[in-house]
Q: 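Before I ask anything, let me first share the structure, which is written out below as structure tokens.
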Protein chains: 2
Amino acid sequence: MTTHDNAAASRRTGGYANGRARRQQILDAAMNLFGDVGYRSASLREIAARVGISHPGLLHHFPTKEALLLAVLERRDEIDTATLQEDSDDGVELLRRVIDIVALNTHRRGVVELYTALAAEATSATHPAHDYFTQRYRHTLAAVTRAYRLTHEQGHLRDGISPAAAAAQLVAVMDGLQLQWLLDGGRTDMTGVVREFIAAQLTVAL
Amino acid sequence: MTTHDNAAASRRTGGYANGRARRQQILDAAMNLFGDVGYRSASLREIAARVGISHPGLLHHFPTKEALLLAVLERRDEIDTATLQEDSDDGVELLRRVIDIVALNTHRRGVVELYTALAAEATSATHPAHDYFTQRYRHTLAAVTRAYRLTHEQGHLRDGISPAAAAAQLVAVMDGLQLQWLLDGGRTDMTGVVREFIAAQLTVAL
DNA sequence: CCTACCGATCGGTAGG
DNA sequence: CCTACCGATCGGTAGG
């Protein structure tokens, strides 16, 4: 039905609606397989089979396996970075947004699997996403450090906590909890533990 | 020289000294390659080449790739679990030992790479080390929770911190920091950040 | 988008 | 421990 509607729409618009829909299907399938077995062990044939095309068919949309990887990362990055980069001078408000991301991730197992698998894989200097993750962590840590610095300036950060160390801790807690959450079948209360962690650093209620 | 000495020793003892030495070489090479590219993407041929034998030669020592993986994990597990399982009723003392492990890891990049790569890979239910890591985390979390419970009973844990949540946080911080440390070329001060993290939970000096 | 194919590589076995 | 081999699978290309 959907396919028929899309085909009709394509005829109507004369555009590339089908191609765009197919690309989305491929990106979704690639995200899931990369998350399950990592980039290196994932095969283009398996991804193609999951969307019902041949693997040369897939390569028509993404010229190489590496291009597919970068497209998956680019697409999946938008939400999280936007959330933290949105301008705000309220440190505690920014930390609340971090908690919101954690809560959101609870309902996006595929995304969590993707980043857990790829971040670990990309610590290898020869991995095609090595530079991507190196920069991603640098930016994330800078943004979270800023949130804690603002919190400190507003007098809401506990004494003896340095913004840089607090940021390294928070980012680490989030990554580490995702690992625990994936390993124990979603029983870990990621949101609750992160909230408790941040609350213990502040002198005000969250 | 070493090879010659070993050969001489083998002739003297008539035992399996060479075989044991070869097994150690294989386990070291496997640890390094598993840590670099993960288990699935590592090849027996590459590991064998690094110790100067053929890949059927490697299979003479370890019958399957999976057996090699489990042997690597078994061997590398001893230090850490022993450190935490050693009997002590002093919670703060146990937490100090955790810091010692982090400090030790700073000088064992290969081990850190191994666990970071394999833990993420093993979140997949079909991974041969899935059960191993599931149990490893359960045991580690139980041991660390006990350390915080003892700390609490001794009146050295800050108010409002639950032992179970504190344990999940500490294990998560350690795993997450390893990721940051690997990605930024060892610049992250894992030991300092973990010490600061634990210190902030306690009412006594570390 | 397809079939057909390329050279390379995989884990494991046969047989010594 | 070796050489030689097995069937399976890989990313990518040719040519339509």
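What you see is a predicted model, and the numbers here were worked out from it, not measured in a lab. Numbered from 1 within each chain, the chains take letters A, B, ... in sequence-line order.
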Q: Report yes if some heavy atom in the side chain of Ile26(A) is under 4.5 Å from a heavy atom in the side chain of Arg22(A); otherwise report no.
A: yes
Q: Inspect the contact between Arg76(A) and Asp28(A) and indicate whether a charged nitrogen and a carboxylate oxygen are less than 4.0 angstrom apart.
A: yes
Q: I need the CD-C1' distance between Glu46(A) and dG12(D), as an integer number of Å.
A: 18 Å
Q: Looking at Ala165(B), is its backbone amide N or carbonyl O close enough to the side chain of Glu196(A) to form a donor-acceptor pair, meaning the two atoms are under 3.5 Å apart?
A: no
Q: CH2 of Trp181(B) to OG1 of Thr191(B): how many Å apart, nearest 0.5 Å?
A: 9.5 Å
Q: From CG of Asn18(A) over to P of dC1(C), roughly how many Å is that when rounded to an integer?
A: 8 Å
Q: Round to a whole Å and report the spacing from CZ of Arg22(B) to C1' of dC2(D).
A: 13 Å
Q: From CG of Leu33(B) over to C1' of dC10(C), roughly how many Å is that when rounded to an integer?
A: 13 Å
Q: Counting heavy atoms from C-beta on, name the nucleotide in dC1(D), dT3(C), dG11(D) closest to the side chain of Pro56(A).
A: dT3(C)
Q: For residues Tyr115(B) and Asn105(B), is any side-chain donor paired with an opposing acceptor at under 3.5 Å?
A: no
Q: Would you classify Ala42(A) as touching base, sugar-phosphate or nothing, given that sugar-phosphate means primed atoms plus P, OP1 and OP2, and contacts are heavy atoms under 4.0 Å?
A: sugar-phosphate
Q: Among dG12(D), dG12(C), dC10(C), find the nucleotide with the atom closest to the side chain of His55(A).
A: dG12(D)
Q: Using a cut-off of less than 4.0 Å, is there contact between a side-chain N or O of Ser43(A) and OP1 or OP2 of dT9(D)?
A: no
Q: Just to be sure I understand the rule, does Ser54(B) reach a base, reach only the sugar-phosphate, or reach nothing, if contact means heavy atoms closer than 4.0 Å?
A: base
Q: Expressed in angstrom and rounded to an integer, what is the separation of Leu59(A) atom CG from dC2(C) atom P?
A: 11 Å
Q: Within this structure, what is the CD1-to-P distance between Ile47(B) and dT9(C), rounded to whole angstrom?
A: 16 Å
Q: Starting at NZ of Lys65(B) and ending at P of dT13(C), how long is that distance when rounded to a whole Å?
A: 15 Å
Q: Counting Watson-Crick and G-U wobble pairs only, both distances under 3.5 Å, name the nucleotide matched with dT13(D), or none.
A: dA4(C)
Q: Looking at the side chain of Arg45(B), which of dC2(C), dC5(D), dC5(C) is the nearest nucleotide?
A: dC5(D)
Q: What is the separation between atom CG on Leu58(A) and atom P on dC1(C), rounded to the nearest whole Å?
A: 9 Å
